[in-house]
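Since this is a predicted model, take the numbers as computed values, not measurements. Labels below follow one simple rule: chain letters A, B, ... track the order of the sequence lines, proteins then strands, and each chain is numbered from 1. In what follows, every heavy atom counts, from backbone to side chain, and hydrogens, waters and symmetry copies are set aside.
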Number of protein chains: 2
Amino acid sequence: MMETIESSIQNLWQEVRDLNLGTPPHIDHLPTPPTPLQFLRHYISHNKPCLISAAVPHWPALSLWPSLAYLRTTLATTAVSLHLTPTGKVDSIAPHPTSPSSLCFASAHVEKLPFPEALDSVMASEEKNKVAYLQQQNDCFRSEYGALAADCEGHIPWATEALGCSPEAVNLWVGNHLSETSFHKDHYENLYVVITGEKRFLLLPPTDVHRMYIRKYPAAHYLYHQDSGEFSLEIDDPITYVPWCSVDPYPSPNEKQREIEKFPLYFNGPKPFEVTVKAGEILYLPSMWFHHVRQSPDDTGLTIAINYWYDMQFDIKYAYFNFLQSIPHSLSNDRALFETRNVESNLDGSSFDSGDESDTAVTRDVRDVSDNEND
Amino acid sequence: MMETIESSIQNLWQEVRDLNLGTPPHIDHLPTPPTPLQFLRHYISHNKPCLISAAVPHWPALSLWPSLAYLRTTLATTAVSLHLTPTGKVDSIAPHPTSPSSLCFASAHVEKLPFPEALDSVMASEEKNKVAYLQQQNDCFRSEYGALAADCEGHIPWATEALGCSPEAVNLWVGNHLSETSFHKDHYENLYVVITGEKRFLLLPPTDVHRMYIRKYPAAHYLYHQDSGEFSLEIDDPITYVPWCSVDPYPSPNEKQREIEKFPLYFNGPKPFEVTVKAGEILYLPSMWFHHVRQSPDDTGLTIAINYWYDMQFDIKYAYFNFLQSIPHSLSNDRALFETRNVESNLDGSSFDSGDESDTAVTRDVRDVSDNEND
């Protein structure tokens, strides 16, 4: 019985690649944007990513934003949200601060400061044990960076027409070579436009959910202490739990063997799709796809990108996903779940909740993962 | 473990209804045809049926075909395919002719004869134990009924534009009040246009696959003996097996209790959607939806319909379906599978194959069902 279900899940991983992603399985690369009908028919409907070149040739941002002087002048008096972490890994799994054998979900220290100062911080990240990333997934492009609005479009016209709605959120990302986002999925159709530098994505389809070892981790946040120049990591109070992917696809050499043993379905299964998105290109990142993001800066040291989140449709594909996630896989349940339970017992008496942030519309919605976790 | 999987499957039945089919779950009824983008965005992409009124107001067929004189004249010398069965149930599960405790898949006796004579046969069906149905699912409208081509369109324009291809097959159906098609699914996107009379569909989403008790039945065909006016039922030689839905949604009163006990997931689960398609209306019947069809004639005694089969896309939804079907459900496996096995042992030494008809493009493709059956 167990064997049948596990082989069924494994067949699904392969069949999605064989049926939906070409031979050999790959991410389609379109030389120019699709029409709304093509985009809907071949990509949104099939929940299939694509990379699009010559996507925004008319945007002033492409020529203006590589100039730091332009950005500093235009945003001279603008207050923006800066995310600080010790390593560049924002929203990532980290050692629990008071229970070293277990883990937590660590969010960045966020501060609001004038753009020129924030930019200095991003560019100085190499010098000290503090990595700054200009980002805020709360529609920040429209709320904080209004001064840049004329440099790009408020939406992606062919996507808007295909999806039949305007973007729910538009976010700007200004990072350096250390900025990294850990594996997760979003409940949005995502159009990701790179303006300077390159973004490097690892992608896995939603059908690979068991390979991500999604567990509930106690939410924590970094605090940056200006005086000492050091970070502390604090568990949120009241405690909440965030369901998050456990797999780090780039473990350090001395951790690698242990990671492979902990997450065999990830490391021994089909490789993730690697997509490099260059300046002027758009990645269509379908809802529910797992993605890990790193970046390579241009010669100013920065990678700048802007992404458009459109509401996803909670249709039969989403129902199927929830069903798949509700099926236990023996190799995806024991060890990591044990770690999660360890955390719970360490934090005795705490309630078990996925966190309030899941109820806001424009942050990553983790609610359904929490509702469907098998524990 | 079993309980978890069965409750997961049951949750899926409900979630597809809650998420994809409105509150309360229903089949959308559109007053006029959608645009290609609307059709793709709201129906094809979501694998969601809809009924469309005022769908083909400009078709001459709507005014011409209710006249039997017109049809007889136009098709005076045309040879057409007539399907004969004792009851009106074409392609249905029937008692095995030589092993009374088991069942088989019975196809109609097919003969080719001039349309006027065939029509007489359809209209005379009430008089004797022989029901005639003009149909042939091999693109018969284009291959046999070319003389009627000018009375309707060769495709449904907004569907063709949405799907990006022309119909793979166009079929004509001329039946009477006894004609009935048993529960099955097709691997096509189906646009079903009623010209005279009404068609009454029962619909269940693909996620309800366990409720259909799909089993492999030995293929058989009726032979009509002109001399005696009687049918015999013959098992195909060489023997082939056809995976088919076991459930008859309208059992006779004295069989009802036994049917409920045999197929509790069907009879005790969510009711199928009932859709009546009237003259001039189109039903969009999405690929992989299970459907059972009966009909009410107009005052000439006939129901005439034409359907357009467009190629379906074998995308992530199809992969999810195959995965779901590969998961055993304890209440869907024991008794009916036992019956299938009985048949196998009765036909000792036979090969176990889904039948050659699954390899032709325009007949119902049963191959994948066979490939994924859990036995």
Side-chain angles (χ1 to χ4, degrees), chain A residues 1-2 4-21 35-48 158 160-165 189 205-207 286 288-289 312-328 330 368 371-372 374, chain B residues 1-2 4-21 35-48 158 160-165 189 205-207 286 288-289 312-328 330 368 371-372 374:
Chain A
M1 179 65 180
M2 285 306 283
T4 302
I5 283 170
E6 281 148 19
S7 63
S8 289
I9 291 174
Q10 196 163 333
N11 287 344
L12 176 61
W13 301 339
Q14 196 54 48
E15 195 167 45
V16 163
R17 287 164 171 79
D18 293 346
L19 292 176
N20 211 25
L21 297 163
T35 66
L37 269 173
Q38 288 167 338
F39 184 51
L40 195 44
R41 188 194 297 143
H42 298 298
Y43 299 101
I44 297 171
S45 175
H46 299 180
N47 195 243
K48 176 175 170 172
W158 42 269
T160 299
E161 194 175 340
L163 292 159
C165 59
E189 304 294 350
T207 42
M288 310 299 284
W289 274 64
M312 71 172 279
Q313 295 300 311
F314 294 89
D315 66 359
I316 195 172
K317 298 186 278 281
Y318 182 75
Y320 272 130
F321 173 83
N322 281 341
F323 168 70
L324 172 64
Q325 185 167 246
S326 75
I327 304 289
S330 65
D368 81 299
D371 289 340
N372 288 281
N374 310 310
Chain B
M1 179 67 179
M2 286 306 283
T4 302
I5 282 170
E6 282 148 18
S7 63
S8 289
I9 291 174
Q10 195 163 336
N11 287 343
L12 176 60
W13 301 339
Q14 197 53 50
E15 194 168 45
V16 163
R17 287 164 172 80
D18 293 346
L19 292 176
N20 211 25
L21 296 163
T35 66
L37 269 174
Q38 287 168 339
F39 184 51
L40 194 44
R41 186 195 296 143
H42 297 299
Y43 299 101
I44 298 170
S45 174
H46 299 180
N47 194 244
K48 176 175 171 173
W158 42 269
T160 299
E161 194 175 341
L163 292 158
C165 60
E189 303 295 350
T207 43
M288 311 299 284
W289 273 65
M312 69 171 280
Q313 296 299 311
F314 294 89
D315 64 359
I316 195 171
K317 297 187 278 284
Y318 182 75
Y320 271 130
F321 173 83
N322 281 341
F323 168 69
L324 173 63
Q325 185 166 245
S326 75
I327 303 290
S330 65
D368 81 298
D371 288 341
N372 288 280
N374 310 310

note = Counting heavy-atom pairs under 4.5 angstrom with chain B, the leader among Asn20(A), Asn11(A), Ile9(A) is Asn20(A)
query = Given a strict heavy-atom distance threshold of 4.5 Å, which part of Pro205(B) is in contact with chain A: side chain, backbone, both, or neither?
reply = neither
ask   = What pair of heavy atoms forms the shortest contact from Thr4(A) to Ser326(B), and how long is it?
value = CG2-O, 4.3 Å
key: Segment of Leu163(B) engaging chain A (4.5 angstrom heavy-atom cut-off)   = backbone
message = Which heavy atom of Ala162(A) sits nearest to which heavy atom of Leu37(B), and what is that distance?
response = CA-CD2, 4.1 Å
request  = Please lay out, stage by stage, how Tyr320(A) and Thr207(B) fare under the test side-chain contact (heavy atoms from CB on, under 4.5 Å).
outcome  = CA-CA 8 Å; Tyr320(A) 272 130; Thr207(B) 43; 3.6 Å; yes
ask   = Rounded to the nearest 0.5 Å, how far apart are OG of Ser8(B) and CD1 of Ile327(A)?
value = 4.5 Å
query = What's the spacing between Phe323(A) CZ and Ile5(B) CD1 if we round to 0.5 Å?
reply = 7.5 Å
message = Using every non-hydrogen atom in the two residues, find where Tyr318(A) and Leu19(B) come nearest and quote the distance to one decimal.
response = CD2-CD1, 3.5 Å
Side-chain (Lys48(B)) to main-chain (Ile316(A)) donor-acceptor, under 3.5 angstrom = no
request  = May I ask you to name which of Val16(B), Asp18(B), Leu40(B) has the most heavy-atom pairs under 4.5 Å with chain A?
outcome  = Leu40(B)
ask   = Which heavy atom of Glu161(B) sits nearest a heavy atom of Arg41(A), and at what distance?
value = O-NH2, 2.6 Å
note = Correct closest heavy-atom pair for Leu12(A) and Ala319(B) would be CD1-O, 3.4 Å
